[in-house]
Amino acid sequence: MGKAYDHRTVEAKWQAYWGEQGTFRVMEDPARPKFYCLDMFPYPSGSGLHVGHLEGYTATDIVSRYKRMRGFNVLHPMGWDAFGLPAEQYAVKTGIHPTMTTAENIATFRRQMKRAGLSYDWEREISTTDPSYYRWTQWIFLKLFERGLAYVAEVPVNWCPELGTVLANEEIVDGRSEVGGFEVIRKPMRQWVLKITAYADRLLEDLKLVDWPASTLEMQKNWIGRSLGAEVEFPLIGVKGNIRIFTTRADTLFGATYMVLAPEHPLVDVVTVRERRAEVLAYRETTARKSDLQRQDLEKEKTGVFTGGYAVNPVNNERLPIWIADYVLMTYGTGAIMAVPAHDQRDWEFARTYSLPIREVIAGGNVAKEAFVEIDQGTVVNSTTSDGSFSINGLNPTEAIPKITEWLEATRKGRRAVTYKLRDWLFARQRYWGEPFPIVWVDGEPRPLPEEQLPLKLPETNNFKPSGTGESPLANLTAWVNTTDPATGKPARRETNTMPQWAGSCWYYLRFIDPKNGRQLVDPAKERYWMPVDLYIGGSEHAVLHLLYARFWHKVLYDIGVASTPEPFTKLVHQGTVLGEDNQKMSKSRGNVVNPDEMMDQFGVDAVRLYEMFMGPLEAMKPWSTRGVEGITRFLDRVWRLMVNEGGGLSRAVIEAEPSLEQRRLLHQTIKKVTEDLEELRFNTAIAQMMVFTNEMTKLEKRPRALLEPFVLLLSPFAPHIAEELWERLGKAPSVAKELWPQYDPALVASERLTIPIQVNGKLRSKIEVPADSSEEQVVRLARQDAKLAEWLQGKQPRKVIYVEKRLVNFVL
RNA sequence: GCCGGUGUGGCGGAACUGGCAUACGCAGCGGACUUAAAAUCCGCUCCCCGUAAGGGGUUGAGGGUUCAAAUCCCUCCACCGGCACCA
């Protein structure tokens with residue numbers, strides 16, 4: 001056996017031990033408090049685990065090991081979000097079935113995770129691609145369908161010709177596909193849509209119940225985009241009907257000078273006069289063909305066409321021309337607006353372009369130069385009904401808004417209304433590698449499959465190419481597609497879309513609780529024991545989508561009694577991005593990707609785990625440094641040498657004698673610091689304190705066991721392999737994982753002498769040593785007697801003496 | 001443009017509730033051990049003046065509150081993340 005710590009042997013030994021002993025198996029135990037510690041499960045890509053994954057996984061692993069030692073029953077599972085585009089694209093290219101590549105990639109990930117010493121209960125491993133798992137994803141879809149939360153709509157979708165598929169809004173970045181960066185255009189298509197908007201209010205409201213990063217809460221709030229205002233009816237002139245508009249600025253109703261419909265608005269056909277029809281149709285066509293990128297280009301000049309139609313402003317009976325323009329979106333509010341160019345930036349620009357009148361109704365700006373949009377300043381003017389029965393003149397906009405809204409309700413011209421930016425969730429993908437919908441089409445109607453027929457398995461094929469018509473590759477499999485309606489026996493056609501990747505990750509945390517249950521999604525008693533997730537760690541790229549969709553499904557499951565808590569994830573933390581050594585984002589093209597396997601080969605698993613946590617605060621973005629890993633390796637070698645001699649035996653420096661008071665103080669301070677830092681996920685400072693302890697121990701010729709043993713336990717969640725080995729060499733029975741976390745004695749945390757800094761006029765001038773229990777008078781008296789201080793005081797009587805208990809004295813001259 | 005966050009040595013970062021700024025690690029310098037090197041151990045290392053004792057300055061910039069500010073307030077700058085015609 002070599003002199004130094006041999007990480008390979010030790011790691012293999014203890015990983016085998018944990019596996020054989022089932023150290024991290026977990027069952028419900030009503031006698032113990034539970035702790036559910038969850039990682040965002042990965043998509044098992046072909047390139048394996050990277051150091052960024054490992055950062056979050058190490059953090060939850062340390063917390064899990066720590067909580068176990070604190071007596072918690074810890075659920076710490078791992079699985080695979082394995083449906084998705086890359087495996088399918090690979091299949092298109094190579095003909096290799098996604099099942100094959102997925103299985104290989106999962107094997108790689110699992111091996112790497114086991115190697116990293118992550119203490120998952122592997123008996124609970126799940127994959128979203130497993131029929132016994134997606135059976136329940138399909139089951140949840142049936143529940144959504146039953147409750148009217150899943151419906152089919154002919155909607156303009158984001159069609160990507162290059163990928164041959166439709167994309168969700170979230171998969172589009174700057175108007176191009178997130179995958180590949182291809183062009184995306186609008187195209188109407190029959191789609192499955194989930195009515196997440198029905199839950200908008202609860203999704204917003206219940207953000208109060210969770211302990212999440214402020215930025216994530218903010219992003220979800222903005223995404224839901226609740227906005228309080230009024231709907232107002234504008235009767236059409238010459239034809240029957242009203243234009244219903246939504247506004248947050250009812251106080252500016254008297255300033256409306258024209259109306260705008262979204263080009264797709266159904267009333268466009270009604271209001272357009274014959275002479276204008278050709279022009280209107282042409283504009284509509286152009287808009288329909290525009291991609292979102294073109295349509296959202298803020299730089300471009302606003303465009304629109306006059307329809308020839310008119311509506312009446314209900315507050316003053318004025319005749320307003322009706323335009324169509326693509327700056328009004330069909331998907332927000334009512335798809336129609338009243339335009340108040342004096343007090344809305346967009347309307348102002350449009351009015352300028354088309355020489356429409358600009359009428360000021362809020363005094364306080366210069367509307368000839370720019371729109372005046374403030375609501376907390378300015379005064380309402382020119383806002384009295386023609387018969388003089390109602391006026392908001394003289395008010396400030398914030399006061400005027402509720403007043404006129406009430407009046408609109410009383411006179412039945414409009415009503416208070418709330419709208420959301422959140423849209424219903426486009427839930428279908430034209431792909432092979434996803435969950436098939438448990439739906440058949442009969443006489444043009446969607447029919448659910450009975451629950452007993454789940455799972456509806458993905459059919460076998462070796463042709464993964466998109467059909468090109470916009471349908472998924474499943475559409476080519478006629479034997480599968482053509483079936484009979486289980487209810488009536490009539491000929492039926494299967495739904496050929498598959499679900500998006502988000503589906504499987506919406507509820508996986510529930511399945512970990514009861515992963516093998518063949519009768520239920522999750523056993524209710526187990527669900528009540530384990531839920532909610534106490535700590536959830538994953539990347540901030542999921543701040544909106546995954547976390548909003550999962551909350552939505554969770555609330556539906558709550559409503560049907562499957563889940564017992566209104567929210568799934570109590571505390572959420574995002575680990576920061578790990579950059580390359582060059583401070584740049586890691587990427588193959590830059591050649592700065594750090595491979596965790598190589599690092600673990602060279603420095604050992606514990607060194608890599610420790611370094612991942614020592615780099616800096618968990619949430620911060622920070623660069624990798626291989627030198628830093630070396631530094632950690634030196635630390636672990638020092639810890640090893642505290643107890644193990646050059647021959648590999650227990651060092652003679654380890655003694656049975658009682659430690660000194662000072663030594664016990666250091667130990668107890670260390671226990672306190674490490675414990676508190678772990679509770680707050682401040683792993684970097686916890687490690688720094690263990691280094692301080694180790695540095696002090698190294699200086700000692702004799703190292704009492706009573707100091708070393710608790711220290712090994714403190715180290716064990718961070719560096720479990722070396723800790724197990726040292727524990728054994730200290731003559732203890734394995735495993736450290738079964739030991740109790742050391743407690744600190746508060747009496748030993750404070751030392752009996754304190755160094756008190758002495759300031760004169762707030763500047764540090766001297767320091768004195770005092771007994772810890774000194775009174776204010778004693779400390780101040782000692783301070784005055786201090787020789788250095790005398791120079792500064794020069795016999796003068798200070799105006800004021802500030803004493804902060806156990807902290808400092810400040811003489812103000 | 002709007003919203004959120006961050007800014008501390010050569011580098012990664014510490015600093016409780018407003019109370020000794022720069023813990024811990026990296027890099028660097030010096031010493032011990034060694035025939036030598038590596039490894040290890042010990043020490044030094046924010047900047048300026050000074051041989052030293054000592055003094056002055058410093059937490060992106062500027063101002064303010066306070067006996068006392070990295071920490072609180074105002075203005076500005078830079079960077080990161082998000083949203084972006086949402087009526």
Side-chain angles (χ1 to χ4, degrees), chain A residues 3-4 174 213-223 225-227 229 245-249 252 260 262 295-298 300 302 325-329 331-340 343-347 349-350 419-423 540-541 543-544 574 576-577 579 583 610-611 614-617 619-632 634-635 637-638 641 646 676 682 684-692 694-695 698-699 755-767 788 791 798-813:
Chain A
K3 308 177 199 177
D174 294 332
S215 60
T216 303
L217 292 174
E218 203 57 34
M219 278 157 76
Q220 292 224 342
K221 281 178 200 161
N222 292 341
W223 193 267
R226 186 187 137 102
S227 159
I245 63 102
F246 174 77
T247 180
T248 55
R249 294 297 306 274
T252 62
V260 185
R295 200 164 161 173
Q296 286 176 1
D297 186 0
L298 288 164
K300 70 149 207 265
K302 297 210 172 354
D326 68 1
Y327 81 91
V328 173
L329 308 174
T331 46
Y332 183 78
T334 60
I337 63 157
M338 64 163 182
V340 185
H343 306 294
D344 182 281
Q345 181 62 33
R346 298 150 298 184
D347 298 345
E349 286 168 23
F350 191 80
T419 51
Y420 299 89
K421 260 160 69 175
L422 184 68
R423 314 283 158 80
S540 58
E541 66 272 22
V544 185
H574 301 301
T577 315
L579 303 172
N583 240 304
L610 229 18
Y611 179 70
F614 188 64
M615 275 189 286
E619 288 105 319
M621 180 188 286
K622 51 222 174 259
W624 185 266
S625 159
T626 301
R627 297 275 198 178
V629 190
E630 287 171 23
I632 288 289
R634 279 197 279 271
F635 163 64
D637 286 340
R638 277 228 282 280
R641 285 194 303 266
E646 300 214 339
E676 288 174 356
R682 293 185 301 240
N684 54 333
T685 49
I687 294 166
Q689 181 62 34
M690 291 192 282
M691 288 173 168
V692 171
T694 304
N695 292 345
T698 301
K699 289 175 192 163
T755 305
I756 302 283
I758 313 295
Q759 297 183 339
V760 177
N761 286 336
K763 282 188 189 289
L764 179 69
R765 293 306 179 194
S766 183
K767 290 180 187 181
K788 266 193 240 162
E791 282 179 47
R799 259 195 311 128
K800 203 168 166 189
V801 179
I802 309 227
Y803 173 72
V804 184
E805 178 85 22
K806 294 184 197 297
R807 288 223 186 267
L808 66 76
V809 183
N810 186 10
F811 293 95
V812 184
L813 295 183

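As the structure is a prediction and not an experimental result, all values here were calculated from the model. By convention in this document, chain letters (A, B, ...) are assigned in the order of the sequence lines, proteins followed by strands, and residues within each chain are numbered from 1.
- Distance A:L217 CG to B:G5 C1': 14 Å, rounded to the nearest Å.
- Judged by distance alone, with hydrogens and angles left aside, the side-chain atoms of A:D344 form no donor-acceptor pair with the main-chain N or O of A:A339 at under 3.5 Å.
- Going from the P atom of B:G7 to that of B:C73 covers 14 Å, rounded to whole Å.
- The partner of B:U75 is B:A61, by the rule that a Watson-Crick or G-U pair needs both atom distances under 3.5 Å.
- Under the salt bridge (Lys or Arg N to Asp or Glu O under 4.0 Å) criterion, the residue pairs touching residues 621-632 of chain A are A:E55-A:K622, with sequence neighbours excluded.
- Across the protein-nucleic acid pair, A:E619 atom CD and B:G81 atom C1' stand 14 Å apart, rounded to whole Å.
- A:Y611 places no side-chain N or O within donor-acceptor distance of the main-chain N or O of A:W624, the cut-off being under 3.5 Å.
- Projected onto RNA chain B by closest heavy-atom contact, A:L764 and A:T247 fall at different nucleotides, the more 5' of which corresponds to A:L764.
- Here, B:G10 and B:G5 have their P atoms 29 Å apart, quoted to the whole Å.
- In this structure, the CG atom of A:N222 is 13 Å from the C1' atom of B:G81, given to the nearest Å.
- Looking at A:F811 and A:R765, their side chains never come closer than 4.5 Å, going by heavy atoms from C-beta outward.
- A:E218 has its CD atom 11 Å from the C1' atom of B:C2, to the nearest Å.
- Judged by distance alone, with hydrogens and angles left aside, A:K699 brings no side-chain donor or acceptor close enough to the base of B:C41 to form a pair under 3.5 Å.
- When distances are taken from the side chain of A:D344 to each of B:A87, B:C83, B:C67, the shortest belongs to B:A87.
- With B:C83, B:A23, B:A87 as the choices, the nucleotide that has an atom nearest any side-chain atom of A:K421 turns out to be B:C83.
- The shortest distance between side-chain heavy atoms of A:T216 and A:H574 falls below 4.5 Å.
- Using a 4.0 Å heavy-atom distance criterion, A:R765 is classed as a sugar-phosphate-only contact.
- Within the 4.0 angstrom heavy-atom criterion, base atoms lie near A:K767.
- Considering only side-chain N and O atoms, A:S227 lies under 4.0 angstrom from the phosphate OP1 or OP2 of B:A87.
- Looking at A:V340 and A:R249, their side chains never come closer than 4.5 Å, going by heavy atoms from C-beta outward.
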* Asked: What does nucleotides 13-19 of chain B look like as a protein-contact string, B for base, S for sugar-phosphate only, - for none, at under 4.0 angstrom between heavy atoms?
  -> SS-B--B

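- Separation of the P atoms belonging to B:G50 and B:U40 is 38 Å when rounded to the nearest angstrom.
- Annotation: B:C29 and B:G9 have their C1' atoms spaced 16 Å apart (nearest Å).
- The side chain of A:R249 contributes no N or O atom lying less than 4.0 Å from OP1 or OP2 of B:A87.
- For A:A688, the listed nucleotide lying nearest its side chain is B:C24; candidates were B:C41, B:C24, B:A87.
- The A:R634 side chain lies nearest to B:C26 when the options are B:A87, B:C26, B:C67.
- Of the C1' atoms belonging to B:C49 and B:U66, the separation is 31 Å, rounded to the nearest Å.
- Residue contacts for A:N695: at a heavy-atom cut-off of 4.0 Å it reaches the sugar-phosphate backbone alone, with no base atom in range.
- The side-chain heavy atoms of A:T252 and A:M338, taken from C-beta on, include a pair separated by under 4.5 Å.
- Between the C1' atom of B:A38 and the CD atom of A:E630 lies a distance of 13 Å, rounded to the nearest Å.
- Residue contacts shown for A:S540 are absent, as no nucleic acid heavy atom lies under 4.0 Å away.
- B:A39 and B:U58: their C1' atoms are spaced 38 Å apart (whole Å).
- Annotated as anti: B:G5, whose O4'-C1'-N torsion sits more than 90° from 0.
- B:A27 sits 7 Å from B:C11 when the C1' atoms are compared, rounded to a whole Å.
- If you take atom C1' in B:C46 and the same atom in B:A23, they sit 14 Å apart, rounded to whole Å.
- Using a 4.0 Å heavy-atom criterion, one finds that A:R638 contacts the sugar-phosphate atoms exclusively.
- The shortest side-chain heavy-atom distance between A:N761 and A:V812 falls under the 4.5 Å cut-off.
- Residues A:R638 and A:N695 form a side-chain contact, since some pair of their non-hydrogen atoms from C-beta on lies under 4.5 Å apart.
- Rounding to whole angstrom units, CZ of residue A:F635 and P of B:G12 are separated by 22 Å.
- No contact: A:G225 has no heavy atom under 4.0 Å from any strand.
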